[in-house]
Amino acid sequence: MSKKFFRPPPQAMDDSDSEEDEEELLDDDAEVDDEDVTEVSPPNKSKPTNNANLSESDDDDDEPDERPPKRKGRHIDNNGNADARSSNKRAKPTSFFELEAEASDSEDDDADDAAKQLHKDSEQMDEEAREIIRQQDRRRAQAGGRFDRSVAEISADIENRHRAQRRVRPPMDRDDEDDFDDGGAPPDATPEGYTAVAQQSLVPSVSDPSMWMVSCANGKEHELVCQIMNKCVAMARQGRPVGISSAIAAQSKGKIYLESFSEPAVVDAIQGVRGLLQYTMRLVPIGDMTTVMTVTSRKKPVQKNEWVRMTRGHYKHDLALVKDVKESGLKCVVQCVPRLDLTLADLPPAEARMRRKTVRPPQKFFNPQEIAALGRHGLTRQRFPGLNLYCDYFDGNYYHDGYLLKEMTVGSMIKACTDEDPPTLDELQRFQRRQSKQNEEDGGDENEGSKMAASLLDELSDLQGRTGLGKTKTGGGGGLLIGDTIEVIEGDLIGMRGKLVSLDGTTVKVKPINANVDLGGTDEIEFLGNQLRKYIPVGAHVKVTDGRYANETGVVVAVEQLDGETDFTAVVLTDVTNKEISVRTSQLRESAEVASGQDKLQGYELYDLVVLSGGGSANEVGVIVRVGREDFTVINNHGIVREIRPEELRGKRNSTSQRAVALDVQGNQIRASDSVNVVEGPHKGKTATIKRMSRAQLFLHSQTRTDHAGIFVVRSRSCVLAGTRTQARGATPDSGVSPFATPQSQSRGGPQPGRGKRDDGLIGKTVRIQAGQWKGYLGTVADATATHVQVELHSRLKKVMVVRERVAVAGDKFGATQEQNRMVDVNPNPIAPTTPFVAAGQTPMHGGATPMHGGALDGDTSDEVWQPGGAVDQDAVKDDDGWGSTANDGFGSPKDGDSDGWGSTSDQPKGWGTYPAVKDNTVKKEVPSTNGNGVKREQAKREMEAELDTEETPGWYMERVCVQNKSKDKQGVIKEIDPATKAAVVEYEDQTFETLRASELAMVPPSEHDTVLVTGGNEIGLEGSLVCVDGSDAILKDANDEFKIVEISFLAKVKTI
Amino acid sequence: MSYDEDERGEEDVPAQVAELANASVPTNLKAVRACKRCGILKTPEQFLDDGCENCPFLHMADDMQQVNKCTTAFYEGQAAVMDPRDSWAAKWIRVDAYLPGVYAITVTGNFDRDIEEDLENRGIRWRCRPPQN
């Protein structure tokens, strides 16, 4: 339908179309026509806002009654129109338009037109119409339109509009400048007169339809607008037009705009359109409507002979020149330097595919002879489709003059070089085909693209004030810049030095430095560029501006003129590498700048841990200690320094290094950025930071070292973690999870922080469990108490509690001495070093031994020893883990008054000292037997059996725990426990202090509402208030008001601070 | 055309509705081109089949070369104009004198010199603007 309907030329049935037709028929009359227009409607044109379109429509709606004839005329028109349409849009209108044309020679606007049609000879009517138009124009000028109309009027207006049958209005389009001027810049009349002022007069007014915004999915705007359009078209065809006047998808993401006089119409229009969120509909304030319509063009068509850059494939980032634009700028033919990989064809397909993906062939001009010499087939001469160019056709591509010609899609395949990203000199140089080669091949003209590159090169070189670039290299005075010190090397003034004042093509102006030269009044002398050379004195600090060593800095150690060279060569000792490099003086500039070297080369940076390829070893890694212009210096894991090219590197391992953990000689975990002391080897005694680590090799960085950027390689076992971070590590990472953390940190906060320190000796160390269920397992000590350590097993995700003496620091031969070393720092006493270790490892055993001893020594007190158990109600005792266990522990505590508890072990008369460690049941039976207390014996036995692995010192024997002096029956709180002797300082309620041993103390059994500390079991370390006791279980409420059920034997009453 | 017949059956079909009923909408969301002169958006095929309804003098119908010359893919924004007379947006982008259809908000491009001259001679203005840098 549309095909038929929109067949172009005779689009008639209204004046505009007819005009169009007329124009086609009588092209020459176009201007006459226009003149006619201006003549016929002078009043119109004289109005400042002569908006023929609007004036006419205003006309229609405001004066419907005044001008019935006009409407009638329209009506007739309309009918005629409809007829024309329905029968054949193209065939009939000709006559219709001719009729129209006959009727009125001026087609300026419909009002005139219609009026004329009915009253062809009546000038009066015409005048009347004009008068009305004038009125309308005035009104419009005042307020931009129908601001004061009633609803009825508006509806009448709409109705009239629907009746209006104008369409394209060529007169407007044809408005030429004169018309425009005459008409006082009527904006509508000059749709293309896009001046800001003209546009300003188009700002929306209240009489214009309102605009609603509707949200939609991002990117669907265009589609939705088309859908709405389709819907409106379909509805119109059914004779039920949707009352919206436009739908707009501008550049606001996820929003479309609909324009209508009525909101229901908008709702109607978006009803059933998928993807529109109807509830988001919102009225756009009239002031924001212009903003909605503001778009900035993002896409830009490429133009012929424009420089572009490839955005995809092997040619990505390559410079190319647009040779031809196709499909109205969507596609273009570009010329670029080929990257042909001739080896591909010889490879098996899979490998070729791989290679195609990974290897980017270098830029190289296409050489048909070379291809032919390789014996390749398929090289033909062919015309490039669409261009009148004969090209070499090879492997699906066209090559012209050695360049690749390729059709590309603009936008996706190429993009124009922007101002920020212009073609660089380097690129242009590569693009430029050397003249000599060119001649060899074609013996004729240089390629156009090459010429363009050359000319742009020259332009750029000129801009940069340099010569010696491109083809127009002008001999001598290369690299001269204003401000340079120069020396005259030719002519009378040879040897004179001066400062370069200005550059002008080949001549330069120089201001001499030496005052003793008589210049005859002038202070500037002009030279030719090649009469001068840049003067670089020996000793000057220079920067290389160009060439292979560009951006290096250094000190000039010598300047010499090599044989056969016009330019001087300077030997520069570089700042970074301390190497001597030879550079032409033209490439140097005096500068105080000290280059820090490159910081990056092909993605690798200084101090990167890299994997090296080659060199035999598969796992060779190293750290980059220098980044050069085209290579790196790498120190490998054996400490060997090598120069490595980027291609030899197989990626970075920085993240691995960051995660890696190694053990120092003490078994401390060390990580990257830890500070360590080197204890053996050639670097012994140095303190450095771990920069990178790879397995057991540490790449240490010391700021005091200058060689290899401060990096040296040491085995992790030759280092010891420096500083106090051992403790920090033990406490911080685990504090959240360790059940011991709470009491410990609390005790540290207490009166004697010393205790924590002792315990920390093991924390963080790797230990091997030497007995028990976990015998043989390796783990890290996560936490430690006086008697126990919590070991996080390496092989299992598990933490186990182990008696302290059952673990051994899994060190090497240094194990003991390192412990000593560490302690030496803390305590200079030569004997002291062994103490903590022994204390940590052996005290519990000894402690365990003591009770027997105590029991044997004074049988009288043995009942007292059990007293705490007896004090608790009997049910609890009878239960397996009643208070008895605590009592038993108490029993197990060292009882004798020896300050050196363990020393007494050897004195034990019956040689039982070892029994608690062995935990032999038969022996245990013996213990109570001495007491003569069968019940207790049974209890003790059960207790021992139940807790094979647990402690021999009472679990409650901790700081803050409320205790009772058995002998005095006084209650107090343990203020601190001497780590070495296990003696406790007890503060009584009357503020007096006494030092007592564990065996002299009994725990005060907790009662309800007491603050208690859990000393064993799963909830160990938990502190809360005891809510009630239920059999052997105690219910307590922790700090988070959560209830916990704990065996009552694990509870110790503590004093709240 | 059946719709047209229906319309004829009805009394007094408003011209604007009739125009809208015959408006052309891009049949494909990809490869939409804008007429450089009026900015209407259609696919190249539509231009080839029907030409440009607003600019018959460009003779785009059945002439792919002319279609390529006179249309451009470089435009910004779409405004589906159902009622060019009433629509403020149409007025703002100065398509109020054209037929209903989907129009570009801005059109980037240049006419060939000869077409430009021809249009100038006829006093016809065009919407496309050369790209600005």
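Chain A is the first sequence line, chain B the second, and so forth, proteins listed ahead of strands; every chain is numbered from 1.
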Under 4.5 Å, counting heavy-atom pairs only, tell me which of Gly101(B), Gly109(B), Ser87(B), Pro44(B) racks up the most with chain A. Ser87(B)

Heavy-atom pair count under 4.5 Å with chain B, highest-scoring of Glu223(A), Met235(A), Met211(A), Met229(A): Met229(A)

Worked verdict on Arg237(A) versus Val17(B) for side chain to side chain contact (heavy atoms under 4.5 Å, CB included): CA-CA 8 Å; Arg237(A) 282 174 186 168; Val17(B) 177; over 6 Å; no

May I ask you to name which of Ile256(A), Leu258(A), Ile244(A) has the most heavy-atom pairs under 4.5 Å with chain B? Ile244(A)

Let me know if Val292(A) has heavy atoms under 4.5 Å from chain B in its side chain, its backbone, both or neither. neither

Could you tell me if the side chain of Val295(A) sits less than 4.5 Å from the side chain of Tyr75(B), heavy atoms only? no

Give the member of Ser245(A), Ser246(A), Pro209(A), Gly243(A) that has the highest number of heavy-atom pairs under 4.5 Å with chain B. Ser245(A)

Do Thr290(A) and Trp88(B) have side-chain heavy atoms sitting under 4.5 Å apart? yes

Does Cys232(A) reach the side chain of Leu20(B), with side-chain heavy atoms less than 4.5 Å apart? yes

Looking only at Asn110(B), Val81(B), Leu119(B), Leu41(B), the option with the highest number of non-hydrogen pairs under 4.5 Å against chain A is Val81(B)

Heavy atoms, side chains only, cut-off 4.5 Å: are Ile248(A) and Gln78(B) in contact? no

Considering non-hydrogen atoms only, spot the tightest contact between Leu29(B) and Cys226(A) and give its length. CD2-SG, 4.0 Å

Do Val25(B) and Gln227(A) have side chains that approach each other closer than 4.5 Å (heavy atoms only, starting at C-beta)? no

Taken to the nearest 0.5 Å, the spacing of Lys91(B) NZ from Asp208(A) CG works out to 3.5 Å

With a 4.5 Å heavy-atom cut-off, do Ile93(B) and Met293(A) have their side chains touching? yes

Does a side-chain heavy-atom distance below 4.5 Å link Ile105(B) with Thr294(A)? no

Distance-only donor-acceptor check, side chains Gln251(A) and Glu76(B), under 3.5 Å: yes

Highest number of heavy-atom pairs under 4.5 Å with chain B among Glu221(A), Arg240(A), Met289(A) belongs to Met289(A)

Does Met82(B) form a side chain to side chain contact (heavy atoms under 4.5 Å, CB included) with Val242(A)? I'd like the steps, not just the answer. CA-CA 9 Å; Met82(B) 292 88 183; Val242(A) 183; over 6 Å; no

Heavy-atom pair of closest approach, residues Asp86(B) and Phe261(A): OD2-CE1, 3.4 Å

Would you call Leu202(A) and Arg94(B) a side-chain contact if the rule is heavy atoms closer than 4.5 Å? yes

